[in-house]
Amino acid sequence: MNQTSSKATQLLLACVSLIYLFIIAGISVLSALYTVSIPNKPLLTIALSLIGLLAIAAMLYSRNHFLTKLSCMLLLPCLLPTVLINFHEWSLIVPLAVTCLLMFFFSGVQETPKTIFGTVYLLIYVLGSLGYFLAVSLFATQSVSTLLESRVSDSGSYRYSLVNTEDSSGGSTKVEISPNDMDISFSVISFLAEGYERTVYIERPVQNEITLEWKTVSRAEITKELNEISDSVIIDLSSEAKSSLGYADDADVYLRDLSDSTLEDLGVPEQNDVLYLNGTPCFRSYIAILEEYFSSSERVSSVF
């Protein structure tokens, strides 16, 4: 009975090591797909250190279990993307790296496999670092971008970023719109969605007089405004949306032909966020929803 209980305890604690492996792999994946934001670095370091101590304690008790051995051997390669992408974030890297190293060296794996895998991992880190930083230097631009301001819309669904870029051509000023509801936030760390940015204004050279303001405008009012501008406004609907309305895939859909109830069925809410630049609308969530500005298929992701 005691032997059975001991095996069950070891299995449970081995699962803790496996869960820690999933955490390391998850952070690497999120780092590649999102931008890491750390509001309180000391608090993050403390939190990760405590989690690391728990994982090390569980590993030491179940160090000879197969799941623990497997987890400990996979930790270091899974950590590599996090180290490379967030190289400047020591509050994130140091506690994770120390924990992974201790779990690797103190696991129940025999010394010969440890030596072999340790050498292989060292080469992977060295070559991976050289390759990554070489690629970064090749793709890096000579321009310097400065975020001047960013503000979330009234609904909380969108945010704009006013960015000045300095380069050899006099620089530029641009306004980008991003979804504000696709971030992944925890109490000590956040992963900000990237690759969804849509430029709604860009001007050369740098502009000094820019006024941006979010307003909430009704669906009916926006429809009226757009139809007054032109009665030939074409909405670039997706194939699925066109099919649901009875249109052929290559047919043009005019806003004037869409009723208010149809717009509602297509997902346009009664109240919409509109961004005004110097008093003129430059972004309407009304159009963004209809034309699926921020769908996953429109995302452009890069780790460089």
Side-chain angles (χ1 to χ4, degrees), residues 6-36 38 41-140 186 188-189 191 301-304:
S6 177
K7 288 183 177 180
T9 302
Q10 284 199 14
L11 176 60
L12 179 62
L13 294 176
C15 289
V16 173
S17 299
L18 189 61
I19 292 172
Y20 191 75
L21 172 64
F22 289 150
I23 292 174
I24 295 297
I27 293 176
S28 290
V29 171
L30 290 175
S31 296
L33 299 177
Y34 296 80
T35 299
V36 173
I38 305 173
K41 295 185 179 183
L43 184 60
L44 175 66
T45 302
I46 293 172
L48 292 179
S49 298
L50 292 176
I51 294 173
L53 288 174
L54 176 63
I56 291 172
M59 178 274 297
L60 289 174
Y61 188 86
S62 61
R63 60 197 304 268
N64 293 316
H65 196 281
F66 172 75
L67 286 179
T68 300
K69 293 179 180 179
L70 178 64
S71 301
C72 292
M73 296 301 290
L74 294 177
L75 282 172
L76 288 173
C78 287
L79 181 64
L80 178 59
T82 299
V83 173
L84 295 180
I85 298 172
N86 304 292
F87 192 72
H88 57 290
E89 298 290 358
W90 297 109
S91 60
L92 172 66
I93 295 175
V94 171
L96 295 180
V98 170
T99 301
C100 291
L101 284 171
L102 290 176
M103 292 180 69
F104 175 80
F105 286 117
F106 291 116
S107 66
V109 179
Q110 294 182 359
E111 294 304 317
T112 299
K114 278 185 188 178
T115 302
I116 296 173
F117 279 100
T119 303
V120 171
Y121 292 160
L122 181 60
L123 289 174
I124 291 175
Y125 268 75
V126 171
L127 296 177
S129 300
L130 289 175
Y132 178 79
F133 290 115
L134 178 61
V136 169
S137 63
L138 288 175
F139 287 101
F186 301 97
V188 293
I189 189 172
F191 298 92
S301 182
S302 174
V303 297
F304 301 116

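With contacts defined as side-chain heavy-atom distances shorter than 4.5 Å, the pair F87/Y132 does not qualify. Contact of the Y20 side chain with the M59 side chain is not registered, since no non-hydrogen atoms from C-beta on lie closer than 4.5 Å. For the pair L92/L44, a side-chain contact is recorded, criterion being any heavy-atom separation below 4.5 Å from C-beta on. Counting heavy atoms from C-beta outward, H65 and K7 have side chains that stay 4.5 Å or more apart. Counting heavy atoms from C-beta outward, L80 and S28 have side chains that stay 4.5 Å or more apart. Looking only at side-chain heavy atoms (C-beta outward), P77 and I124 stay at 4.5 Å or farther from each other.
Each of T115, V109, I116 was compared with T112 under the side-chain contact (heavy atoms from CB on, under 4.5 Å) criterion, and only I116 meets it.
Note: L74 CG to L18 CG = 9.5 Å, rounded to the nearest 0.5 Å. Atom CG of L70 and atom OG of S107 lie 10.5 Å apart (nearest 0.5 Å). F106 contributes atom CZ, which lies 10.5 Å from atom CG of L101 (distance to the nearest 0.5 angstrom). The line from CZ of F191 to CG of L30 is 4.5 Å long, rounded to the nearest 0.5 Å. Summarising the geometry, atom CG belonging to N86 is positioned 9.5 Å from atom OG belonging to S91; distances are rounded to the nearest 0.5 Å. The distance from the SG atom of C72 to the NZ atom of K114 is 8.5 Å, given to the nearest 0.5 Å.
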Assess whether side-chain contact (heavy atoms from CB on, under 4.5 Å) is satisfied between L50 and L54, documenting all intermediate values. CA-CA 6 Å; L50 292 176; L54 176 63; over 6 Å; no
Could you walk me through whether S17 and L67 pass the side-chain contact (heavy atoms from CB on, under 4.5 Å) test, one step at a time? CA-CA 8 Å; S17 299; L67 286 179; over 6 Å; no
Check step by step if side-chain contact (heavy atoms from CB on, under 4.5 Å) holds for T45 and V94. CA-CA 8 Å; T45 302; V94 171; over 6 Å; no
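Checked by atom type and distance alone, the side chain of T99 never pairs as donor or acceptor with a backbone atom of G52 at under 3.5 Å. The backbone N or O of T82 lies less than 3.5 Å from no partner atom in the side chain of S31, so there is not a single donor-acceptor pair.
Listed here is the closest heavy atom pair of G108 and N64: CA-OD1, 3.7 Å. Smallest separation of non-hydrogen atoms from Y125 and L76: OH-O, 2.6 Å. Residue A55 comes nearest to V16 through the heavy atom pair CA-CG1, 4.4 Å, listed as atom of the first residue, atom of the second, then distance. Annotation for K69 and R63: closest pair CG-O, 3.6 Å, computed over non-hydrogen atoms.
In this structure, F117 places its CZ atom where only 12 or fewer heavy-atom neighbours from other residues, nucleotides or ligands lie under 6.0 Å away.
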